[in-house]
Novice: 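Can you keep this structure in mind? I'll have questions shortly.
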Amino acid sequence: MTLRLTNTLSRAKEAFTPLVDRQVSIYCCGVTVYDLCHLGHARSYIVWDVLRRYLSWPGQVGGAYTVTFVQNFTDIDDKILHRAAQEGLAMEEVSARNISAYFQDMDALNILRADAMPRATACLDGICSLIGELESKGAAYSADGDVYFAVMKQAGYGKLSGRDLSEQQEGASGRTTGEEDGRKRHPFDFALWKGAKPGEPSFPSPWGPGRPGWHIECSAMVRQELGDTIDIHLGGADLIFPHHENEIAQSEAASGKPLARYWLHNGMVNVGGEKMSKSLGNFTTIRALLGSGVSPMTLRLFVLQAHYRKPLDFTLEGLEAAATGWKGLSGALAVGSTYADVLGWSDSQVGSSAALPEELKAIRERFREAMDDDLNTAAALGELFELARPLRALANRLRIGDIPSEADRLQGPRWQLLVELAAVLGLEPDPSGLKELLASSPGGCGEPATAAPMPAAAEQAGAAAASSGLSEAAIEALVDQRKAAKAARDFASADRLRAELKAQGIELVDKPGGVTVWLRG
RNA sequence: GGCGGCAUGGCCAAGUGGUAAGGCAGAGGAUUGCAAAUCCUUUACCCCCAGUUCGAAUCUGGGUGCCGCCUCCA
């Protein structure tokens with residue numbers, strides 16, 4: 001059994017076979033850079049990051065694929081122009097700011113950067129020549145400085161979204177209003193090039209100054225970076241129509257070849273049952289969430305516990321559950337590096353996966369089968385938790401000073417497998433990108449638009465207090481005092497001492513036998 | 001109105017013909033003066049009705065409810 005993916009084109013799970021053996025070309029629709037990214041974007045890019053990591057995983061049947069991952073920035077768009085006008089900035093300034101914010105956010109979430117990130121502004125030649133081709137083939141027509149794609153001339157239009165133009169026609173009339181109508185021959189025709197109105201920023205073209213339509217930007221960038229036919233095209237389910245439908249129409253009209261062999265779409269993030277979106281105002285930005293103390297890995301876990309095609313309701317409860325779950329996983333993931341010395345898990349002990357004990361082999365196999373089944377990350381995570389349970393217990397015992405047993409020392413391969421599989425899901429303790437994000441956003445997370453403010457999660461609560469400087473000797477003295485108070489059955493004093501230490505970020509753990517150990521943070 | 005999707009324990013969520021993964025919460029136990037932390041154990045017949053089948057959460061038909069797209073949108 002090999003990887004199977006749900007192809008929107010056929011609405012079925014299909015065995016995945018790339019055009020070129022062991023190589024995969026992927027295009028992922030990126031963001032329009034007029035604002036910060038919210039959790040909907042986070043989900044989409046987390047999920048596609050996992051697809052990419054999985055394809056690149058050597059544990060894959062047949063070995064790792066070589067993946068070329070391209071994701072665009074839409075940096076020519078009416079919304080960017082509006083935003084720029086509002087703020088008295090140039091379009092480029094708005095997009096540059098949001099592109100840099102995009103990288104900060106995605107780095108923090110441990111999302112691998114694409115191999116290429118083309119921008120519409122840098123692809124205008126390709127866009128214009130594509131429009132020209134369509135025009136010369138009769139697939140497009142110009143009207144008063146605009147150029148439109150002639151939908152009715154394109155056989156198969158609607159094949160991705162399951163739409164039939166003849167049935168749609170009635171509903172469509174009356175839907176589109178405005179001055180474009182007069183120029184369009186069919187209500188579903190869409191703009192490839194929009195002539196500029198006086199005073200608007202514009203780019204030169206054979207049809208006069210103006211700017212490209214959204215759909216053609218992607219068609220041109222796919223072709224520029226990856227050619228006529230790619231293996232996988234990714235995007236949110238809300239892009240199926242009209243964006244991807246139009247992309248197909250344009251690209252296939254020009255090349256006569258299929259644009260993409262597999263179309264994958266992720267489900268939306270909902271809030272209270274409704275789609276999270278800018279227009280509804282119910283969105284939370286990524287940086288607002290991370291700034292409130294939710295760790296990036298918690299968000300990743302939250303996202304990956306659901307199947308990528310289903311809607312995912314964003315709730316505080318769900319997030320808290322993920323935070324607690326991540327606490328356990330991260331403890332297990334960290335055990336090998338934190339306690340490498342005491343466990344004797346040096347690099348030399350790293351066993352190859354071929355030498356895995358049966359139980360671990362079986363887990364690895366089930367993980368692979370889950371991921372092969374249309375990226376069933378929820379089931380894959382189940383295997384991770386299975387793997388992590390004894391390691392988490394071990395980590396907690398070591399944390400309070402227990403000496404590892406011989407059996408504990410033999411858990412090295414288990415830990416390594418956990419680390420390996422978690423990395424396929426992009427789950428790693430101690431994400432480095434977060435600090436940069438938090439440091440870089442001055443006033444930073446105070447996005448006013450946070451409709452659902454997140455209370456600072458307990459995850460990081462102790463971190464600030466932990467640095468307070470009681471010396472070890474001072475702590476030992478207080479612990480001894482408490483021990484004496486307990487011996488004298490003066491529990492009030494004992495509890496007071498415990499509370500004082502806790503206020504300093506010192507946690508006391510009473511172990512069997514009257515021994516108390518203390519831990520910072 | 002058209003197209004598509006979803007409905008599993010308190011919450012989230014896997015499972016697509018053979019007696020229900022996992023996470024969170026809860027309960028019980030161990031430990032403790034108590035607590036915290038930790039460890040162990042434990043909790044469902046799957047929206048409704050009809051049908052197919054030796055056998056269905058899983059297939060078919062009908063019903064109900066919810067969501068997405070049809071305008072910019074990950």
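In what follows, chains carry the letters A, B, and so on, assigned in the order in which the sequence lines appear, proteins first and then strands, with residues in each chain numbered from 1. FYI, side chains are in, hydrogens and waters are out, and symmetry mates aren't considered; it's all heavy atoms of this structure.
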Novice: If we take the C1' atom in both B:A30 and B:G18, what is their distance in whole Å?
Specialist: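 Each nucleotide's C1' atom is 39 Å from the other's.
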
Novice: Taking only Lys NZ, Arg NE, NH1 and NH2, and the carboxylate oxygens of Asp or Glu, determine whether A:R183 and A:D189 approach each other closer than 4.0 Å.
Specialist: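 No.
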
Novice: Please give the distance between the P atoms of B:G4 and B:C11 as a whole number of Å.
Specialist: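 Looking at atom P only, B:G4 and B:C11 are 31 Å apart.
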
Novice: Between A:N376 and B:G15, is there a side-chain N or O to OP1/OP2 distance below 4.0 Å?
Specialist: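 Checking B:G15 against A:N376, a side-chain N or O does come within under 4.0 Å of OP1 or OP2.
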
Novice: Rounded to the Å, how far apart are A:H243 NE2 and B:C70 P?
Specialist: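 These atoms are roughly 13 Å apart.
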
Novice: What is the distance, to the nearest angstrom, from the CZ atom on A:R11 to the P atom on B:G4?
Specialist: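 The distance from CZ of A:R11 to P of B:G4 comes to 7 Å, rounded to the nearest Å.
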
Novice: B:A14 P sits how many Å from A:I363 CD1, rounded?
Specialist: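 Distance check: A:I363 CD1 to B:A14 P gives 21 Å.
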
Novice: So, A:S44 side chain and A:G40 main chain: donor-acceptor pair closer than 3.5 Å or not?
Specialist: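 No; zero donor-acceptor contacts below 3.5 Å.
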
Novice: Could you state the interatomic distance from CG (A:L427) to CG (A:L304), rounded to the nearest 0.5 Å?
Specialist: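 Separation between the atoms: 6.0 Å.
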
Novice: Could you give the distance separating B:C59 and B:U53 at their C1' atoms, to the nearest angstrom?
Specialist: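 Approximately 9 Å lies between the C1' atom of B:U53 and that of B:C59.
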
Novice: Just to be sure I understand the geometry, which residues of residues 299-307 of chain A put a non-hydrogen atom under 4.0 Å away from RNA chain B?
Specialist: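 Hits under 4.0 Å, by residue number: A:Q305, A:A306, A:H307.
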
Novice: Cut-off 3.5 Å, side chains only: do A:E247 and A:H243 have a donor facing an acceptor?
Specialist: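 Indeed, the side chains of A:E247 and A:H243 share at least one donor-acceptor pair under 3.5 Å.
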
Novice: Taking the C1' atom in each of B:G15 and B:A57, what is the distance between them to the nearest angstrom?
Specialist: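 Roughly 9 Å separates the two C1' atoms.
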
Novice: When you get a sec, tell me which of B:A74, B:C6, B:A13 is the closest nucleotide to the side chain of A:K310?
Specialist: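 Minimum distance to the A:K310 side chain belongs to B:C6.
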
Novice: Quick check on B:G4: is either OP1 or OP2 less than 4.0 Å from any side-chain nitrogen or oxygen of A:R309?
Specialist: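 False: A:R309 side-chain N/O out of range (4.0 Å or more) of B:G4 OP1/OP2.
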
Novice: Distance between the C1' atoms of B:C72 and B:G61, in whole angstroms?
Specialist: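 Here B:C72 and B:G61 have their C1' atoms 40 Å from each other.
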
Novice: From the list B:C69, B:A14, B:C39, which nucleotide is the closest neighbour of the side chain of A:A393?
Specialist: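 Between B:C69, B:A14, B:C39, the one nearest the side chain of A:A393 would be B:C39.
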
Novice: Where each residue is assigned the nucleotide of RNA chain B containing its nearest heavy atom, which of A:A380 and A:M268 is assigned the position nearer the 5′ end?
Specialist: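 The residue mapped nearer the 5' terminus is A:A380.
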
Novice: Let me know the distance between CG of A:L312 and P of B:C12, rounded to the nearest Å.
Specialist: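 Taking atom P of B:C12 as the reference, CG of A:L312 is at 11 Å.
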
Novice: Without decimals, in angstroms, what is the distance between A:R83 CZ and B:C72 C1'?
Specialist: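 Distance check: A:R83 CZ to B:C72 C1' gives 13 Å.
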
Novice: Using a 3.5 Å distance criterion without hydrogens, assess whether the side chain of A:R368 forms a donor-acceptor pair with backbone atoms of A:T2.
Specialist: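 Looks like no, no N/O pair under 3.5 Å.
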
Novice: Identify whether the distance between the nearest side-chain nitrogen and carboxylate oxygen of A:D49 and A:R52 falls below 4.0 Å.
Specialist: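 Answer for the salt bridge query: no.
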
Novice: Which whole number of Å gives the distance between the C1' atom of B:U31 and that of B:U16?
Specialist: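 About 45 Å, rounded to a whole number of Å.
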
Novice: With RNA chain B as reference, determine whether A:D313 or A:F241 sits nearer its 5' end, using the nearest nucleotide of each.
Specialist: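 Its nearest nucleotide being more 5', the pick is A:D313.
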
Novice: Keeping the roles fixed (side chain from A:E507, backbone from A:K502), state whether a donor-acceptor pair exists under 3.5 Å.
Specialist: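 Not confirmed, A:E507 side chain does not pair with A:K502 backbone.
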
Novice: With the threshold set at 4.0 Å, does a side-chain nitrogen-carboxylate oxygen contact exist between A:K79 and A:D35?
Specialist: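 Salt bridge absent between A:K79 and A:D35.
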
Novice: Could A:D510 and A:R482 be called an ion pair, given the rule that one side-chain N must be under 4.0 Å from one carboxylate O?
Specialist: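 Counted as a salt bridge, because a side-chain N and a carboxylate O are separated by less than 4.0 Å.
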
Novice: Could you go through nucleotides 58-61 of chain B and list every protein N or O atom that sits under 3.5 Å from one of its N or O atoms, giving the distance for each pair?
Specialist:
none

Novice: Kindly point out which of B:G23, B:A74, B:A25 is positioned nearest to the side chain of A:V269?
Specialist: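 Closest nucleotide to the A:V269 side chain: B:A74.
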
Novice: Grab the CD-C1' distance between A:E317 and B:G9 for me, whole Å please.
Specialist: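 Rounding to the nearest Å, CD of A:E317 and C1' of B:G9 are 17 Å apart.
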
Novice: Under 4.0 Å, heavy atoms only, any strand: does A:G328 hit a base, just the sugar-phosphate, or nothing?
Specialist: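 Nothing, no heavy atom under 4.0 Å.
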
Novice: Of A:Y308, A:F69, A:Y27, which is the lone residue that meets ring-ring contact (aromatic ring centres under 6.0 Å, His included) with A:W48?
Specialist: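 Output: one option passes, namely A:Y308.
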
Novice: State whether A:K511 places a side-chain N or O below 4.0 Å from either non-bridging phosphate oxygen (OP1 or OP2) of B:U38.
Specialist: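 False: A:K511 side-chain N/O out of range (4.0 Å or more) of B:U38 OP1/OP2.
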
Novice: Please state how far atom CG in A:D35 lies from atom P in B:C72, giving the value in whole angstrom units.
Specialist: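 For the pair A:D35 CG and B:C72 P, the rounded distance is 18 Å.
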
Novice: What contact category does A:G40 fall into here, base, sugar-phosphate, or nothing, at under 4.0 angstrom with non-hydrogen atoms?
Specialist: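 Touches a base.
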
Novice: Is the shortest distance from a Lys or Arg side-chain nitrogen in A:R366 or A:E386 to a carboxylate oxygen in the other one below 4.0 Å?
Specialist: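 Salt bridge between A:R366 and A:E386, a charged N being under 4.0 Å from a carboxylate O: no.
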
Novice: So which nucleotide does B:G65 pair with, by the Watson-Crick or G-U wobble rule with both distances under 3.5 Å?
Specialist: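 Per the H-bond distance test, B:C6.
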
Novice: Find the partner of B:G28: check Watson-Crick (N1-N3 plus N6-O4 or O6-N4) and G-U wobble (N1-O2, O6-N3) distances, both under 3.5 Å, and reply none if neither fits.
Specialist: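 The base-pairing partner of B:G28, which may sit in any strand shown, is B:C40.
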
Novice: Going by atom types only, do A:D408 and A:S405 share a side-chain donor-acceptor pair under 3.5 Å?
Specialist: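 There is such a pair (donor and acceptor under 3.5 Å, judged by atom type) between the side chains of A:D408 and A:S405.
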
Novice: Sticking with atom C1', work out how far B:C46 lies from B:G9, rounded to a whole angstrom.
Specialist: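 Each nucleotide's C1' atom is 9 Å from the other's.
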
Novice: Roughly how many Å apart are B:A56 and B:C49, using the P atom of each and rounding to a whole number?
Specialist: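 14 Å, rounded to whole Å.
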
Novice: So which nucleotide does B:U19 pair with, by the Watson-Crick or G-U wobble rule with both distances under 3.5 Å?
Specialist: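 B:U19 is paired with nothing.
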
Novice: For B:A56, what is the paired nucleotide under Watson-Crick or G-U wobble rules, both distances under 3.5 Å?
Specialist: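 Across any shown strand, B:A56 pairs with none.
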
Novice: Please report the distance, rounded to the nearest Å, between CG in A:L427 and P in B:G23.
Specialist: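 Between P of B:G23 and CG of A:L427: 15 Å.
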
Novice: How many angstroms lie between CG in A:L360 and CG in A:L417, if you round to the nearest 0.5 Å?
Specialist: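 Rounded to the nearest 0.5 Å, the CG-CG separation comes to 5.5 Å.
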
Novice: Inspect the contact between A:R496 and A:E500 and indicate whether a charged nitrogen and a carboxylate oxygen are less than 4.0 angstrom apart.
Specialist: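 Salt bridge: yes.
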
Novice: Hey, what are the protein-to-nucleotides 33-37 of chain B N/O distances that come in under 3.5 Å?
Specialist:
residue : atom : partner : partner atom : Å
B:G33   : O6   : A:D495  : OD1          : 3.4
B:G33   : N1   : A:D495  : OD1          : 2.9
B:G33   : N2   : A:D495  : OD2          : 3.1
B:C34   : O2   : A:R498  : NH2          : 3.2
B:C34   : N3   : A:R498  : NH1          : 2.9
B:C34   : N3   : A:R498  : NH2          : 3.2
B:C34   : N4   : A:R498  : NH1          : 2.9
B:C34   : N4   : A:D510  : OD2          : 3.1
B:A35   : N6   : A:D510  : OD2          : 2.9
B:A35   : N1   : A:R498  : NH1          : 3.2
B:A35   : N3   : A:R498  : NH1          : 3.1
B:A37   : O2'  : A:R399  : NH2          : 2.9

Novice: Checking A:Y34 against A:D78: is there a side-chain donor and acceptor pair closer than 3.5 Å?
Specialist: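 No pair is found: no donor N or O on one side chain lies under 3.5 Å from an acceptor on the other.
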
Novice: Nearest of B:C24, B:G22, B:A74 to any side-chain atom of A:L239?
Specialist: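 The answer is B:A74.
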
Novice: Provide the Watson-Crick or G-U wobble partner of B:G1, both distances under 3.5 Å; none if there is no partner.
Specialist: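 In the structure as shown, B:G1 has B:C70 as its Watson-Crick or wobble partner.
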
Novice: What nucleic acid atoms does A:E383 come within less than 4.0 Å of, heavy atoms only: base, sugar-phosphate, or nothing?
Specialist: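 No contact at all - A:E383 keeps every heavy atom at 4.0 Å or more from the nucleic acid.
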
